[in-house]
Amino acid sequence: MPELPEVEVTRQSFATRIRGARVDAVRLGKPLRWPLGCDPDSLVSQSVGEVTRRGKYLWLALERGGLLMHLGMSGSLAFSTATGLPGPHDHFDLVTTHGTLRLTDPRRFGAVVWSSAQDAGTAAKLLAGLGLEPFDPAFDGAHLHAALRGRRVAIKQALLGGEIVVGAGNIYACEALFEARIDPRTRSDRLSRARCDRLAEAVRQTLARALELGGSTLRDFRDAHGMAGEFQLQARVYGREGEPCVRGDGIVRRIVQGQRATFFCPGCQRR
DNA sequence: AAGTGGACCTGCTAGC
DNA sequence: TGCTAGCAGGTCCACT
């Protein structure tokens, strides 16, 4: 579910409220993608610091380390002072003096991983090798062009890979390629510098716009206040197979790349 | 090294 | 109405 905008919207919706709280209890549900990596009780009494984001990961700083959180495909976080009894898909509760942070994740591709200040362990491995943040000024056409050199994969898959730029998942990768008028099947190393300029800009614009709108609500995305996003109303190609292109250049097609659906307009998106 | 496909898990929906 | 196949926002890992 959550791509960068959804993760960032989630972060913003509880970061300030949880800051300075003290952990009272931790409750675990079913196993997530990775084990927590510590005794849950060892988190109790630690105070909560900043909540930051790297790619689609959230980092919740605690006194002696922190928690690296990922929402996977179906995860969402809620932060509330009136958290009810856990349901079948509630797999992590961080009960604090300011409220309870709860991860709900039906498919359990998400994760919450402890990382101590001394030994970052699994968390460090997960963050290693991530590409630039899309809003980092260093992410531009020149960077993209250089990073794509020698890569023969389709540009769509290079964007999704996350080693060049993080944050664009399946929806926003499709949308950004549409904005940049680039065929998602284009071989990465065949993109001119000028097209890389356009694509880098399109990635930033697409993510920024989704962020302003509060993220996507493809199914049931909610931020930690329970607010729905509105980007779905803005998707120009994603999920629009068979519909006329909004530019009027053809009919939106659906293909499969790397076992993921890709939507694009063969009329205005060129190789 | 880069590319490919499988794996993880559950819920929803389209189609029969 | 009820069952089943197929699909879903991510990304790690093993293998070629």
Side-chain angles (χ1 to χ4, degrees), chain A residues 1-10 29-35 37 53-58 68-77 87-92 103-113 121-131 146-177 185-190 203 206-207 210-211 213-223 228-235 237-242 254-263:
Chain A
M1 166 217 312
E3 303 183 34
L4 183 146
E6 293 74 33
V7 175
E8 177 60 19
V9 165
T10 297
K30 288 191 193 172
L32 293 162
R33 176 146 192 191
W34 288 286
R53 180 191 55 75
R54 176 77 175 97
K56 297 169 193 166
Y57 290 95
L58 288 180
L68 189 68
M69 316 181 87
H70 198 287
L71 302 179
M73 287 277 254
S74 57
S76 61
L77 283 170
H89 302 309
D90 298 330
H91 303 302
F92 179 82
L103 173 68
T104 304
D105 185 2
R107 292 177 73 180
R108 293 189 282 126
F109 292 166
V112 179
V113 177
T122 307
K125 268 182 66 177
L126 297 175
L127 294 177
L130 288 188
L148 294 175
R149 199 181 309 141
R151 300 217 44 189
R152 304 165 66 90
V153 276
I155 183 60
K156 159 85 181 317
Q157 294 181 73
L159 282 182
L160 279 184
E163 323 100 359
I164 298 172
V165 59
V166 294
N170 207 33
I171 299 175
Y172 300 122
C174 290
E175 294 296 314
L177 286 162
R185 300 166 296 185
T186 310
R187 246 177 66 166
S188 295
D189 58 4
R190 297 262 172 89
V203 168
T206 302
L207 294 175
L211 207 42
L213 292 168
S216 288
T217 308
L218 255 200
R219 294 229 168 118
D220 52 4
F221 171 70
R222 296 286 187 281
D223 66 19
E230 302 174 343
F231 187 83
Q232 60 175 350
L233 305 174
Q234 310 290 326
V237 279
Y238 188 87
R240 295 188 180 277
E241 181 185 20
R254 178 189 186 277
I255 60 173
V256 173
Q257 296 180 284
Q259 297 149 194
R260 311 296 303 280
T262 297
F263 297 88

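Note that the coordinates shown come from a computational prediction; the quantities given were computed from them, not determined experimentally. To find a chain, count down the sequence lines: A is the first, B the second, and so on, and within it residues start at 1.
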J.: Is the base of B:dC8 stacked against the aromatic ring of A:F109, taking ring centres under 5.5 Å apart and planes under 30° as the test?
T.: yes
J.: By the 4.0 Å heavy-atom rule, please label A:R108 as base, sugar-phosphate, or nothing.
T.: sugar-phosphate
J.: If I take atom CD1 in residue A:I171 and atom C1' in nucleotide C:dC7, what distance separates them, rounded to the nearest angstrom?
T.: 14 Å
J.: For B:dG5 versus C:dC7, give the span between their P atoms, rounded off to a whole number of Å.
T.: 16 Å
J.: With sequence neighbours left out, what residues match A:A173 under side-chain contact (heavy atoms from CB on, under 4.5 Å)?
T.: A:K156, A:L159, A:L160
J.: If pairs are Watson-Crick or G-U with both distances under 3.5 Å, what is the dot-bracket string of DNA chain B, marking crossing pairs with [ ] and pairs to another strand with |?
T.: .|||||||.|||||||
J.: Could you check how far CG of A:L148 sits from C1' of B:dA1, rounded to whole Å?
T.: 16 Å
J.: Can you confirm whether more than 12 heavy atoms, excluding those of A:R152, are under 6.0 Å from its CZ atom?
T.: no
J.: Hey, what are the protein-to-nucleotides 2-4 of chain B N/O distances that come in under 3.5 Å?
T.:
unit_1	atom_1	unit_2	atom_2	d
B:dG3	OP1	A:R152	N	2.4
B:dG3	OP1	A:V153	N	2.9
B:dG3	OP2	A:R151	NE	3.0
B:dG3	OP2	A:R151	NH2	2.8

J.: DNA chain B: A:R33 or A:H89, which has the more 5' nearest nucleotide?
T.: A:R33
J.: Distance check needed: B:dG11 P versus A:D90 CG, whole Å only.
T.: 12 Å
J.: When you measure only distances, ignoring hydrogens and angles, does the side chain of A:R107 come within 3.5 Å of the base of C:dA8 through a donor and an acceptor?
T.: yes
J.: Please confirm whether the shortest side-chain N or O distance from A:K56 to OP1 or OP2 of C:dT11 is below 4.0 Å.
T.: yes
J.: Give the minimum heavy-atom separation between A:E3 and A:N170, together with the two atoms involved.
T.: OE2-N, 3.5 Å
